[in-house]
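All remarks here apply to the structure that follows.
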Amino acid sequence: MNNPPKIPLRFLRWFCREDFIDEIEGDLIELFEMRAQSNLKKARYRFAWDILRSFRWINIKKSKYSNSTAMFSNYFKIGYRNLVKDFRFSVINITGLAIGLSVFITMIMMVNHEYSFDKFHSKADRIYQVIQDFQLHDGPDPEIHTSTQLAKALREDLPNVESAVTITGAASTWATTDDKRFFEEEGIVAWPEFFQIFDFEFAKGNKNALKPARSIVLTEALATKYYGFENPIGKTVNLEYYGDFTVTAVLKDIPSNSYIQFEYLITPDLDIYFENTAPWFSRWFPSWRGNAATTYVLLDENNNQAQFESQIEPLLEKYLGTDDPINSHYLIGLLDLHFGSNGIDGRVNKYVKGDLQKIKLFTIIAIVILAMACFNYINITTARSIRRTKEVGIRKSIGAIKSQITWQFLTESFLLVFVSVLLSVILIFFVLPYFNLVTGIDLRLNTETILPVVPYVIATILLVTVLAGFYPALYLSKFSAIKVLKNSTINSKGNNWLRNGLVTIQYASVIIILAALFIVNQQYNYMSSKSLGFKTDQLMIVEINSGGVRNNYNTIKNELEKSSHIKNVTGLTRMIGGSRSPVTISVADFELPDETTTMKFYGMDSNGPEVLSFEILAGSGFTGTKGLDSTSVLINETAASKFGGLNAVGKWVVLNSDDNENFKAQIKGVAKDFHLESMHEPIKPTIIGYYKNPFMSLDDIVIEIDGNNVQGAIAVVEKIHNRYDKNGVMDWRFMDEMIQEAYEDEAMFQKVFTGASMVSLIIAFLGVIGLISYNVIARTKEFGIRKILGAKFQQILMLQGKSFVWNLAISSLIAIPIAVFLASNWLSNYAFRISLNAIPFLLVIVIVSLITVLTVVFIGHKVARSNPSESLRYE
Amino acid sequence: MKEQSIGEFEELVLLNVAALHDEAYGVSILENLENKLSKKVNISAIHVALKRLETKGFVTSRFGGITGDRGGRRKKFYVITAAGKKVLDDVYSLRTSLYQQIPNISFN
């Protein structure tokens with residue numbers, strides 16, 4: 001007789017429950033025997049198939065301990081009762097975990113946000129930005145600027161380009177609607193192909209919105225601002241610089257994870273705009289030589305970036321000719337722009353570049369803080385485990401196995417973590433605005449940002465449950481029932497080691513974070529308060545944004561100087577200090593024209609050196625006579641060292657910019673070194689020329705005001721400026737504020753570490769409080785006996801604090817070398833930096849020790865002071 | 001007690017149990033059903049239906065004796081209960097009464 005196949009049969013016997021096996025196996029074998037008579041092979045196959053079909057929940061053997069749901073509900077009940085019973089420890093655990101988790105979840109949201117940039121465009125992987133490298137003599141100079149003509153040529157001439165679009169930032173201008181007037185700064189001039197490439201979501205209208213001439217597309221926020229609940233489609237918006245535009249569509253507000261940011265789009269109808277610009281601009285802008293726009297391309301399905309880049313040079317030669325060298329052009333993928341656009345100059349609108357360093361720093365801090373919170377849980381739970389030994393003993397003696405006890409305690413930690421997550425969500429809600437303020441990242445709470453994060457949050461809950469709960473669960477489940485029930489003391493040596501180890505790590509983390517705070521703080525204060533080598537007080541910098549102001553600079557200067565609130569006025573091509581960089585030119589001694597030195601060039605009015613109080617070491621400043629000053633230059637010490645130091649005065653030099661100006665000038669004086677850029681950079685050789693020069697036009701008016709009436713002075717300046725500026729809007733700042741902007745990163749680090757220090761301190765000391773409180777309860781009797789035998793108040797306190805002092809000492813030994821290493825590494829980024837000394841580290845240790853001692857005294861003083869008769873009666 | 005409902009496949013299996021009185025077990029029900037329906041039915045579906053009918057109280061079961069066949073496994077015989085018979089009656093009368101309401105005009 002033929003036997004049914006063995007392996008499926010064994011599988012059936014393995015999974016099938018005992019009371020069903022006779023029926024199922026019997027029926028299957030009977031069927032098999034019947035079928036085997038006609039076709040054996042088929043019968044064997046059918047037999048295996050039937051077994052597979054019988055593999056159903058209803059037929060499956062349930063575990064021997066099949067009362068699992070009842071047990072789990074019991075675990076929850078016991079867990080809940082324990083939470084309530086030891087309320088104080090629960091609060092410590094939950095607070096710590098909630099803080100740790102809220103930091104961690106915020107971090108997850110931030111990482112998710114930073115990596116979600118521009119993914120909402122359906123063709124994002126095929127969209128690229130064209131970068132043009134302007135190749136300076138001192139290295140590459142990639143910029144986002146290209147010719148306005150490029151996109152059209154790419155579309156028409158290159159086969160693998162699906163579409164290409166030109167965009168350029170719209171000038172800030174007044175927008176007038178029916179009866180209201182607003183100053184708008186965040187607009188884009190976009191050619192009609194814009195919506196073929198990008199998928200911004202429409203609230204009203206469609207992708208053809210930019211096709212009709214003189215169209216404007218508003219974002220929802222702007223549409224509401226202009227028209228409230230009225231339908232904006234078809235209405236006319238007047239932009240002072242650009243003329244009338246008709247609203248053809250409304251977009252949903254631009255998501256914060258978009259590289260391209262704007263509030264409105266207008267079609268490139270620039271005739272009115274050109275009427276008000278310099279005549280050369282209206283010729284330059286639409287020409288192949290005019291680099292006034294940004295170009296995006298959408299490649300076809302083959303998405304061949306290399307092929308595109310190889311075709312672009314021949315294309316440019318076709319339109320530009322081969323007489324002049326052609327700048328190299330290449331692509332950066334839209335998805336890479338957020339993190340990959342560092343070092344590329346130019347931006348269209350307000351947008352904060354992604355910073356991997358920042359993300360890494362946050363991730364590390366969040367992990368450390370969450371780990372610290374987990375350590376608290378482990379410590380407190382294992383320390384208190386003695387109180388649960390009897391329970392474990394009884395559970396075991398009535399039949400619980402080890403894995404069930406493990407599950408029980410894991411369930412308890414899950415319960416705790418779950419409550420903490422709920423609390424942390426509330427915390428995040430309150431903390432997020434502060435977080436956004438500190439990091440400059442725009443995290444919002446809405447379904448689009450929360451939903452993608454949910455799986456990670458669930459994973460975090462499970463991870464923390466296991467991390468925090470696994471060791472205590474394993475530890476508790478190992479108790480032997482007999483030992484525990486016979487005598488309630490258990491040996492916890494290994495536990496003490498672990499506890500001390502974890503406390504040490506916590507202390508070390510706190511010390512490192514606090515030390516980082518102190519050092520960042522010191523460096524920040526050093527940089528922002530160190531004298532730059534010129535006057536920075538009471539200087540008002542007015543940026544020149546219109547031809548009207550630039551051309552009338554001398555008139556404006558005269559008018560300003562008449563006011564009693566204003567002490568001095570000068571003009572600069574680029575203000576010194578801060579993060580804005582000046583032009584670079586090459587300079588050579590007239591007699592040795594081949595030995596060129598690269599220098600930073602600033603142009604200023606004759607009284608510039610005087611207003612900025614440069615210290616002239618040799619020679620003189622400008623004379624004030626235009627004819628003479630226009631061929632005079634000053635150099636700084638660093639530059640002078642190339643021309644024979646102070647003897648450089650009187651020498652003639654040749655100045656060359658990239659456009660080969662061959663400009664001759666005489667060195668009139670040598671100025672003491674000053675900081676042109678932020679303290680990140682070393683002082684570079686610098687040359688100061690007259691404000692009317694071939695290299696750069698006037699860009700800033702610097703006004704020294706009377707400190708006694710700042711408001712009055714500002715009003716005077718504004719009134720005079722606005723008479724010449726068509727917009728009537730003055731873009732100005734105080735010099736010292738502008739300089740601070742160069743230290744934004746440091747200011748951010750400072751705030752981040754302030755927050756991190758506070759959070760880590762709170763968590764670490766919650767742990768210390770928990771352990772000491774436990775100690776006090778567990779050793780009440782011991783302390784009572786000690787007191788009877790003559791121990792003093794201080795000795796009892798010492799007993800409680802001793803282990804913490806040791807932990808602190810060891811952790812300082814570990815943490816300080818690490819902190820010193822990290823700090824010196826970080827400081828090496830700065831050309832001008834503080835020298836590391838012991839003070840911040842000592843200060844940190846003093847602070848941490850002080851808080852520890854205070855905690856010990858605060859919690860322990862009661863038991864140390866109490867009457868032994870009371871503590872011995874305590875049960 | 002809440003009225004127990006019965007699914008279509010369960011009804012077919014229950015009818016078979018009733019029809020094969022005293023001889024109803026997995027394989028016999030399968031054969032009968034496949035004959036009448038003239039389509040393939042999987043045995044495990046019948047097993048599941050029988051388990052459901054049993055928990056609903058429409059059938060009872062008993063084991064047959066051990067024989068040399070079936071790898072030494074016992075047959076499990078099912079018998080319809082009074083409740084099971086009542087459900088079949090209810091379903092039958094419901095269907096008949098509805099069927100009789102069909103007007104004659106429709107399909108001439």
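Chain letters run A, B, ... following the sequence lines, proteins first, then strands; residues in each count from 1.
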| query | With the threshold set at 4.0 Å, does a side-chain nitrogen-carboxylate oxygen contact exist between B/R70 and A/D27? | reply | yes
| message | Please classify the contact between B/L50 and chain A as side chain, backbone, both or neither, with a heavy-atom cut-off of under 4.5 Å. | response | side chain
| task | Examine whether an atom of A/F20 lies under 4.5 Å from a heavy atom of chain B, and if so say whether it belongs to the side chain, the backbone or both; otherwise answer neither. | result | side chain
| request: Can you establish whether the number of heavy atoms outside A/I7 located under 6.0 Å from its atom CD1 is more than 12? | output: no
| task | Flag yes if more than 12 heavy atoms outside B/R62 fall under 6.0 Å of its CZ atom; otherwise flag no. | result | yes
| message | To the nearest 0.5 Å, what is the distance between CD on B/E31 and CG on A/L31? | response | 7.0 Å
| task | Quick one: pull up CG in B/L30 and CE in A/M34 and give me the separation to the nearest 0.5 Å. | result | 7.5 Å
| A/L28 versus chain B, the contacting section by heavy-atom distance below 4.5 Å | side chain
| query | Quick check: are there more than 12 heavy atoms from other residues, nucleotides or ligands sitting under 6.0 Å from CZ of A/F11? | reply | yes
| note | Closest non-hydrogen contact found for B/F63 with A/D19 is CZ-O, 4.3 Å
| Least distance between heavy atoms, B/N42 atom then A/W49 atom | ND2-NE1, 3.8 Å
| task | Can you tell which part of B/F77 gets under 4.5 Å to a heavy atom of chain A, answering side chain, backbone, both or neither? | result | neither
| Closest approach of A/R56 and B/S44, non-hydrogen atoms and distance? | NH2-OG, 3.0 Å
| task | Could you look at A/I58 and say if it's the side chain, the backbone, both or neither that has a heavy atom under 4.5 Å from chain B? | result | side chain
| From B/R74, B/K75, B/K51, B/R73, residue fulfilling salt bridge (Lys or Arg N to Asp or Glu O under 4.0 Å) relative to A/E23 | B/K51
